[in-house]
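Here the structure is laid out as structure tokens; the discussion comes afterwards.
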Amino acid sequence: MRLTIDDVRSRFKKHLVDAEGSVYASPGRINLIGEHTDYNGGFVFPGAVQQGMIAEIRPNGTRTVRAYSIDLKDYVEFSIDDDKGPNASHFRYIFGVVREMMKLGVPVEGFDTAFAGDVPLGAGMSSSAALESCFAFALNDLFGDNKIDKMTLAKVGQATEHNYLGCKCGIMDQFASVHGKAGYLMRLDCRSGEFEYFPWNPQGYKLVLVNSCVKHELVGSPYNDRRQSCENVVAAIAKRHEGVETLRDCTWEMLEEVKAECSEEDIRRATYAIGETDRVLAVCDALQKGDYETVGQMMYETHAGLSKDYEVSCEELDFLNDIAKDCGVTGSRIMGGGFGGCTINLVEEALYEPFVETVKTKYKEKYGKDPIIIDVVIGDGSRKLA
Ligand code: GLA
């Protein structure tokens, strides 16, 4: 349930100080297609959602951050000059953002903050990017005269994952959280950093997430191994071809040339990643023509690749994908990093009710738990609320 500004203000007063700070929000994201392509220099096609993170922040004139997590009822204090920072990950995100902003020369000072969110955790909707982006945006506003551009703010969040949480993520999640715009998806070229807004108004279709409620945790997960596999293949190709930096620069012929010297597993993963960049472009073309059948077909192909070649699916997600197929859903696939979380489904309006009913019944029957259905509404990116 989304907290209002007043709810956050009342917790801030109760747990921190009887005064008012500024309030900021940053969203989670969906991704229509383009998974595990960001760190390979490919394309992604995300949009921000309405669910997100909200934080009240007030500079306190010291070098200490005093932070209260409303959802977890947890409190911490840390010095912004400390190198180590707090242990709990929900506070480490804030610590990391503070330190990365300081590295950029933003004269961050101590502050009091209370924060909360309604992005389901571990659902592949980027709750952590929402938190990072919320604080990066806020600190830029409060201490940095808004001098840091949005893409750099997204990179602050990404660097926080790399340097303080140990997850070698790409840029998609933080990019989407910062740049989101209600009613628009964004196609980002992760090699050049260029992006374009695409209106998202599918006549006669709905986007719906089905959360398997298998919690995924990218930190310390095989996510980094997937990235390593791609880098191994790139290293082999780069020995033969100058200028190759990521899989985006690799052709099918180049991949063929190094088959013998890479592991079968690495080759399979690279095969998926190269194909996925083509699928994003195909989806964008199809969308412009209103051809949702092709969009859907690409989504199923992505799921198959993520499941069999990239191996980031799980039994529950494959089961949800099969149900979607059986119900005649236009497109369905794992969304986000994988290993649990949600499927994203492109469903004709007329099929929406029967699909949702079937998914609920069959999933419960098989796994004894209720999947959570989330209707996607594309919302705005990071912003100041009050
Ligand atoms: C996670 C990462 C992103 C991206 C996706 C997979 O969400 O944070 O950078 O790699 O997985 O597409």
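Start at 1 and go down the list; that is how both ligands and their atoms are numbered. As a basis for the values below, the full set of heavy atoms in this structure was taken, side chains included, without hydrogen atoms, waters or symmetry mates.
Within the 4.0 Å heavy-atom cutoff, Arg29 counts among the residues contacting ligand 1.
At under 3.5 Å, a nitrogen or oxygen of Asp38, whether backbone or side chain, sits near a nitrogen or oxygen of ligand 1. Considering backbone and side-chain N/O of Ser126, none are found under 3.5 Å from N/O of ligand 1.
With a 4.0 Å heavy-atom cut-off, ligand 1 is reached by no atom of Gln158.
Below 4.0 Å from some heavy atom of Met172 lie the following atoms of ligand 1, by number and element: 4 (C), 5 (C), 12 (O). For ligand 1, the atoms closer than 4.0 angstrom to any heavy atom of Tyr39 are 10 (O). Contact atoms of ligand 1 toward Gly336: 6 (C), 11 (O) (distance under 4.0 Å to a heavy atom of the residue). Listed by number with element, the atoms of ligand 1 under 4.0 Å from a non-hydrogen atom of Cys169 are 2 (C), 8 (O), 9 (O). Those atoms of ligand 1 that come under 4.0 Å of a heavy atom in Gly170, given as number and element, are 9 (O). Ligand-side atoms of ligand 1 in range of Tyr223: 1 (C), 2 (C), 3 (C), 4 (C), 9 (O), 10 (O), 11 (O), range being under 4.0 angstrom from any heavy atom.
Taking the ring centroids of Phe339 and Tyr223, they lie at or beyond the 6.0 Å cut-off. Taking the ring centroids of Phe195 and His179, they lie under the 6.0 Å cut-off. In this structure, the ring of Tyr68 has its center no less than 6.0 angstrom from the ring center of Phe12. When ring centroids are compared, His36 and Tyr272 stay outside the 6.0 Å threshold. Note: His90 and Tyr93 fail the aromatic proximity criterion, with ring centroids not under 6.0 Å apart.
Between Val208 and Phe355 the shortest side-chain heavy-atom distance falls below 4.5 Å.
Taking the six-membered ring for Trp and thresholds of 30 and 60 degrees, Tyr164 and Phe95 have ring planes more than 60 degrees apart, a perpendicular arrangement.
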